[in-house]
Amino acid sequence: MAESPITARSQDFATWYQDVVLQGDMAEPAEIVKGCMVIKANGYAVWELLQRKLDDRFKATGHQNMYFPLLIPQSFLQKEAEHVEGFSPELAVVTVAGGKQLEEPYVIRPTSETIIGHFFAKWIKSWRDLPLLLNQWANIVRWELRTRMFLRTTEFLWQEGHTAHATHEEAQAEVLRMLDVYADVAENVMAMPVIKGLKTQAERFAGALRTYSIEAMMQNGFALQSGTSHDLGQNFGKAFDVQFQNKEGQLDYVWQTSWGVSTRLIGGLIMSHSDDKGLVLPPKLAPTKAVLVPIFRKDEEKEKVLEAAHRIAKEVGAKVDDREAQSPGAKFFHWERRGVPVVLELGPRDLASGNIVLKRRDTGTKDPVPQAELAARLPAVLAEMQQSMYDTAKQRLKANTVLANSIEEVESLLKDVTAEKGGGKFVMAHVKDAAESDLRMKEFKATVRCIPLVDEYDGPGKCIVTGETVDRRVVVAKAY
RNA sequence: CGGGGAGUGGCUCAGCCUGGUAGAGCACCUGGUUCGGGACCAGGGGGUCGGAGGUUCAAAUCCUCUCUCCCCGACCA
């Protein structure tokens, strides 16, 4: 495959993103299926690592995996009023199967609350059946009009957790526990700092009482909603008649939660760390942590270098790039744009000195390391990269977060921000969760991303749109 | 659905205005010299120009119709 130049971030951030996805062997547009993509080897390997990190944590918090049907009877969606209203426009519907018109069409799942609600009703009879804690890894279809690889595609991969509880307090605790799991993975695995918060009424999940999210800042200052956790209250319990007998012997509806993250996280990962040379992956999510490029001219050099290369690579767990047809230079570019954290160079010079050259993907620095020390040094370097990538992203988030005390100020800060040109900010302002506020911010295409759970600023203040008092500043930004 | 753009070897595109039945770079194949940041030379294979119709001695090029894709907008956990 041709390795084309990568557009600079400063020139056009949106095009840069596409270039990095393509050149990093992460994905390519399917073209033959509208709005869909092919997740390629490197991209899928990152997803597998991410899945593992998430799944381990789901299990550790008591959840079990299950799998439900892809097709959902259309009538199921209609049982919860807000849910059907929210999802109807983006449904794909199967009306013909086996050569016959179906009596009742199926929708391809846009999310599984409804079909899972149906089974909850079957399975839950007593308080002893609760809590029921399950998760599903699945694909989802939502007929979006505007798609971008990983960030919003017609079909995408995700996990959706669904739980049922005897009390609202218990359900609320679950919602926040899983939000914490997401934040932990985002920050400690993806090296992507996030803000945990509550979504506004306008932005909450269709059918939920409350939606919480983690919001991350991309390098263009856009916000990316990276994971959500919903307090569904008894809405779906009532819609699907999920009743249980409590300890007092009375019938009650269950309190449900649902929470999800998707392959969108990979888009966030790319836009958090990558640079003008291509993909940069945090070591914890790099399918290949180190590649060794052997360098030689003459045949006798070749033999010695390759022997040493394979021996050292085996010792430290690196992959040797011993392709004959490529020059070392071409190999450096190849692995660089695929985001491999460490590239090792080994040539005659190194055999003579007993060193090996270690290059870090994040900083681009090259350092000779004694071959004997490499096995000990490599894990330390990878750990340091992981930390340093987080620190850099955190610093950028801080540097691009500003306070504003009037709507005009917010507007002037965000008005001209686009995904292509960048320059986005997280503007912290006092804004009431109200239709009037949403409408005013829509004039310059910004939204309240979330109401942070932890107020790091100055407490209550007057809403810059309505004048009413609100208890803390919220995050206003442009978003994907 | 409104505005804009594009369909030509695997990929990116030139040629179209001023019709004469296809070109470049990359990729690929063969041989040789290279190899510490995208190597070079020589030779070679591969397309009939999104589709349909029309004008013409002659159409990638002009005309008509049509299909598809991309971007911007509206839409969107």
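Numbers restart at 1 for each chain; the letters A, B, ... are given by sequence-line order, proteins then strands.
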Using whole Å, report how far CG of A:L151 lies from P of B:A77.
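Roughly 16 Å, once rounded to whole Å.
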
In whole angstroms, the gap separating P of B:C76 from CZ of A:R142 amounts to 13 Å

Describe the nucleic acid contact of A:E90 in one word from base, sugar-phosphate, nothing, applying a heavy-atom distance below 4.0 Å.
sugar-phosphate

> With a 4.0 Å cut-off on heavy atoms, is A:V357 in touch with a base, just the backbone sugar-phosphate, or nothing at all?
Replying inline: base

Can you find an N or O donor on one side and an acceptor on the other, under 3.5 Å apart, linking the side chain of A:R297 with the base of B:G36?
->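 Looking at the base of B:G36, it does not pair with any donor or acceptor on the side chain of A:R297 (distance under 3.5 Å).
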
B:C1 -> Watson-Crick or G-U wobble partner, both distances under 3.5 Å, gives B:G73

Treating A:S112 as the side-chain partner and A:I115 as the backbone partner, does any N or O pair qualify as donor plus acceptor under 3.5 Å? no

Check: A:R449 side chain, A:S213 main-chain N or O, donor-acceptor pair, under 3.5 Å: no

- Item | Residue whose closest nucleotide on RNA chain B lies nearer the 5' end, A:L351 versus A:P89 |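 It is A:L351 whose nearest nucleotide is closer to the 5' end.
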
Inset, instruction - For A:K199 and for A:E324, locate the closest nucleotide of RNA chain B by heavy-atom distance; then report the residue assigned to the nucleotide nearer the 5' terminus. - result: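 It is A:E324 whose nearest nucleotide is closer to the 5' end.
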
Residues in residues 359-368 of chain A with a heavy atom under 4.0 Å of RNA chain B, by number, are A:K359, A:K366

Note: contacts of residues 434-453 of chain A with RNA chain B (heavy atom, under 4.0 Å) are A:K442, A:K445

